[in-house]
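For reference, the structure is listed below as C-alpha cells.
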Amino acid sequence: MDKFRMMFQFLQSNQESFMNGICGIMALASAQMYSVFEFSCPCMPEYNHSYGIGLLIVPPIWFFLLGFVLNNNVSVLAEEWRRPTGKREKDPSILRYMLCSITQRSLIAPAVWVSVTLMDGKSFLCAFSVNLDIERFGNYSLIKEMPETEKIKLLAKIPCKDLFEHQEIRVAASRYIKCISQACGWMFLLMITFTAFLIRAIRPCFTQAAFLKTKYWSHYIDIERKMFDETCKEHAKSFAKVCIHQYFENISGEMRSFHGHRPGKCDGDYEDEDKKGDGEEKLLGIRAQDDMNKALWNWHTCKPALALRTEQTNGENQDKLNGNGTINGFANSHTLNVEKKEWAVYYSKV
C-alpha cells in the first residue's frame, strides 16, 4: 500500500510529465489500432465517400475528446471560468494559457491517426475511387458503352479486390490514389511541423513577463485546488475522529454512571486526550456542520483575494522596534544591556 501511495504522490508532483507520457501512449495506441483495425470498404457509391472520410475524421475527434477527458486541468479550467468573481478577479490570459496547454496535448493522438491514415491510403481510395477517370488506367472499351450509373458502380468496386474483375486497372488506380494520399499525408506533417516551429520561434518575440505571469498563476490555481482538497480531507478526517471520540466518551460516561464507577483517569486516557487534542488542532476552529458548509460555500462564491495579510509580520517588527528607536538591540549605535547566556563546550579525544 505504501508503494502505491508513493507512486500516486510521484504522479501528482510530476503531473505535466505524466500527461505528456499519456499523450504519447495515446498516439502509439492510435497507430496500433489503425494497423490492427480491419479496413472494409463497402464498395457502394452511396457509402464509399462517407465511410472513407468518416474513418479519416471521426477517430481523431474521439482521440481529441479523450485527451480532454484524461486531462485533470479541464476541471480546473471549467471551475475557474464559471466561478463567481467575488474578491478575486478572473484573468482571461490565464484561461487562454490553460486552454492552449490542454489543446496542444490533446492534438497529439489525432495528428498521429490522420498521418498514419493518409500514409496508408486505403480510406482515401475508398472515398475518392468514384471520381477517377478510368480512361487513364486501361482498356477504354470496358466502359465505352456502359451507362453512367453502371460506370459509377464499377468505379466504387475498385477498393475491393474480390469484386473488381480487371486487376490491372484496379492496381493502377489504387497506386494513383495512394500516391495522392501519401502526398497529402506529407503535406499534413509538414504543416504541423511548421506550425509548431512558428509557435516556438514567435513566442520569445512577445513579452516574456506576460507569459511568465500566466504560467505562474495557472500553476498556482492548480496547486491551490490540490491543497484545498487535501486540507478538506484532513479536516474531514479530524472532524470524524473528534466526533467518534466524543461519542464513545458519552457512551462510556453513561455506562460508568449506570454501574456506579467513578470516572477516573489513567495513562491511556491521557494519551487519548493528547491524540484528540492533535485532531482538534486540525479542525482550524470549524467545529459545526453549518460552519463548514458556510466555509465551503464562501470558498466557491467568494474566493479570497491574492494578497497575503502582513499583520503578523508588522507585529513582529513592532516588537523589535522599541519606544527608544531600538532595532535588534541597537539604539543610537549603542547596544542595550542584554542578558548573555553562558555556554559550556566539551571536547572529546575519542
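Only heavy atoms go into these numbers, but all of them, side chains included; no hydrogens, no water, no symmetry mates.
No more than 12 heavy atoms of other residues, nucleotides or ligands lie within 6.0 Å of CG in Leu308, so this atom counts as exposed by the packing criterion. Environment of CD in Glu46: crowded, with over 12 heavy atoms of neighbouring residues, nucleotides or ligands closer than 6.0 Å. By the neighbour-count criterion of 12 heavy atoms within 6.0 Å, atom NZ of Lys153 is sparsely surrounded, having that number or fewer from other residues, nucleotides or ligands.
Phe68 and Val74 make their closest contact through O-CG2, 3.0 Å (heavy atoms, listed as atom of the first residue, atom of the second, distance). In terms of heavy atoms, Asn73 sits closest to Arg105 at ND2-NH1, 4.4 Å. Closest approach of Ala173 and Leu132 over heavy atoms only: CB-CD1, 3.6 Å. Of all the heavy atoms in Thr117 and Ser123, the pair that sits closest is CG2-OG, 3.1 Å. Minimum heavy-atom separation, Lys90 to Trp81: NZ-O, 3.0 Å. Nearest heavy atom pair, residue Cys43 against residue Pro159, reads SG-C, 4.3 Å.
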> Going through the distances and angles, do Met191 and Phe188 end up as a side chain to side chain contact (heavy atoms under 4.5 Å, CB included)?
Replying inline: CA-CA 5 Å; Met191 181 179 63; Phe188 177 75; 4.0 Å; yes

> Checking salt bridge (charged side-chain N to carboxylate O under 4.0 Å, His left out) for the pair Glu224/Arg88: CA distance, chi angles, key distance, verdict?
Replying inline: CA-CA 14 Å; Glu224 183 188 51; Arg88 185 186 303 180; 2.9 Å; yes

>> Working note: Asp229 + Lys233, criterion salt bridge (charged side-chain N to carboxylate O under 4.0 Å, His left out); need CA distance, chi angles, decisive distance, verdict.
In response: CA-CA 6 Å; Asp229 293 339; Lys233 289 179 182 178; over 6 Å; no

>> Working note: Val112 + Phe63, criterion side chain to side chain contact (heavy atoms under 4.5 Å, CB included); need CA distance, chi angles, decisive distance, verdict.
In response: CA-CA 10 Å; Val112 173; Phe63 277 113; over 6 Å; no

>> Let's go through Trp113 and Leu56 carefully: what are the C-alpha distance in whole Å and the side-chain angles of both, what is the deciding distance for side chain to side chain contact (heavy atoms under 4.5 Å, CB included) to 0.1 Å, and is it a yes or a no?
In response: CA-CA 8 Å; Trp113 177 273; Leu56 187 64; 5.7 Å; no

>> I'd like to know whether Ser129 forms a side chain to side chain contact (heavy atoms under 4.5 Å, CB included) with Leu155, so could you lay out the CA-CA distance, the side-chain angles of the two residues, the decisive distance to 0.1 Å, and finally the verdict.
In response: CA-CA 6 Å; Ser129 62; Leu155 292 174; 5.5 Å; no

>> Let's go through Lys178 and Asp120 carefully: what are the C-alpha distance in whole Å and the side-chain angles of both, what is the deciding distance for salt bridge (charged side-chain N to carboxylate O under 4.0 Å, His left out) to 0.1 Å, and is it a yes or a no?
In response: CA-CA 7 Å; Lys178 286 183 178 181; Asp120 184 71; over 6 Å; no

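In this structure, the side chains of Lys151 and Pro147 stay at 4.5 Å or more apart for every pair of heavy atoms. Within the 4.5 Å cutoff, no side-chain heavy atoms of Ile158 are placed close to those of Ile177.
Under the 4.5 Å side-chain heavy-atom criterion for grouping Ile, Leu, Val, Met, Phe, Trp and Tyr, Ile152 is not connected to Tyr176 through any hydrophobic cluster. Ile180 and Ile169 fall within a single hydrophobic cluster, where Ile, Leu, Val, Met, Phe, Trp and Tyr are joined by side-chain heavy atoms under 4.5 Å apart, directly or via other members. Hydrophobic clustering, with ILVMFWY side chains joined whenever heavy atoms are under 4.5 angstrom apart, groups Tyr216 together with Leu77. Connection of Met44 to Tyr51 is not established within any shared hydrophobic cluster, with ILVMFWY side chains joined at heavy-atom distances below 4.5 Å, either directly or through further cluster members. Taken together through direct or relayed side-chain contacts under 4.5 Å among Ile, Leu, Val, Met, Phe, Trp and Tyr, Leu99 and Val76 form part of one hydrophobic cluster.
Through side-chain heavy atoms spaced under 4.5 Å, either directly or across other Ile, Leu, Val, Met, Phe, Trp or Tyr residues, Ile223 is tied to Met227. Here Val171 sits alone; no ILVMFWY side chain lies under 4.5 Å from its own, so it joins no hydrophobic cluster. The other members of the hydrophobic cluster of Trp186, by chain and number, are Met119, Leu189 (side-chain heavy atoms under 4.5 Å, ILVMFWY only). Counting side-chain heavy-atom gaps under 4.5 Å among Ile, Leu, Val, Met, Phe, Trp and Tyr, the cluster of Met292 also holds Phe228, Ile286, Leu296, Trp299.
Here the CG-CG distance, from Asn48 to Leu125, works out to 9.0 Å after rounding to the nearest 0.5 Å. Lys122 NZ to Leu55 CG: the interatomic distance, rounded to the nearest 0.5 Å, is 10.5 Å. Rounding to the nearest 0.5 Å gives a distance of 11.5 Å between OG of Ser93 and CE of Met98. Note that the CZ atom of Phe194 and the CG atom of Leu198 stand 4.0 Å from one another [nearest 0.5 Å]. A distance of 11.5 Å separates OG in Ser218 from NZ in Lys213, rounded to the nearest 0.5 Å.
Taking Met187 as the reference, nothing meets the side-chain contact (heavy atoms from CB on, under 4.5 Å) condition, with sequence neighbours excluded. Listed by chain and residue number, nothing satisfies the salt bridge (charged side-chain N to carboxylate O under 4.0 Å, His left out) test with Arg96 (two or more places apart in sequence, or in another chain). Among residues two or more places apart in sequence or in another chain, the salt bridge (charged side-chain N to carboxylate O under 4.0 Å, His left out) test is passed with Glu150 by none. In this view, His300 satisfies the ring-ring contact (aromatic ring centres under 6.0 Å, His included) rule with no residue, not counting sequence neighbours. Scored by the side chain to side chain donor-acceptor pair (under 3.5 Å) test, Tyr47 finds no partners at all (sequence neighbours excluded). Residues passing the side-chain contact (heavy atoms from CB on, under 4.5 Å) test with Thr231, sequence neighbours excluded: Leu284.
Within the 3.5 Å criterion, the main-chain N or O of Ile102 finds no donor-acceptor partner in the side chain of Asn71. Using a distance-only test at 3.5 Å, with no hydrogens or angles considered, no donor-acceptor pair links the side chain of His49 to the main chain of Ala127. Checking side-chain atoms of Ser181 against main-chain N and O of Leu118 turns up a donor-acceptor pair under 3.5 Å. Without hydrogens or angle criteria, Ser101 side chain to Tyr97 main chain gives no donor-acceptor distance under 3.5 Å. Between the side chain of Thr214 and the backbone N or O of Phe211 there is at least one donor-acceptor pair closer than 3.5 Å.
Within the structure, salt bridge (charged side-chain N to carboxylate O under 4.0 Å, His left out) pairs that include any residue of residues 49-76 do not occur (at least two apart or interchain). Applying the salt bridge (charged side-chain N to carboxylate O under 4.0 Å, His left out) test to residues at least two apart or on different chains, the pairs with a partner in residues 77-87 are Glu79-Arg225, Glu80-Arg83.
With respect to the salt-bridge test (charged N to carboxylate O, under 4.0 angstrom), the residues Lys294 and Asp290 do not qualify.
Ring orientation note: the planes of Phe124 and Phe128 are tilted relative to one another, at an angle of 30° to 60°.
Cysteine sulfur proximity is satisfied for Cys126 and Cys41, their SG distance being under 2.5 angstrom.
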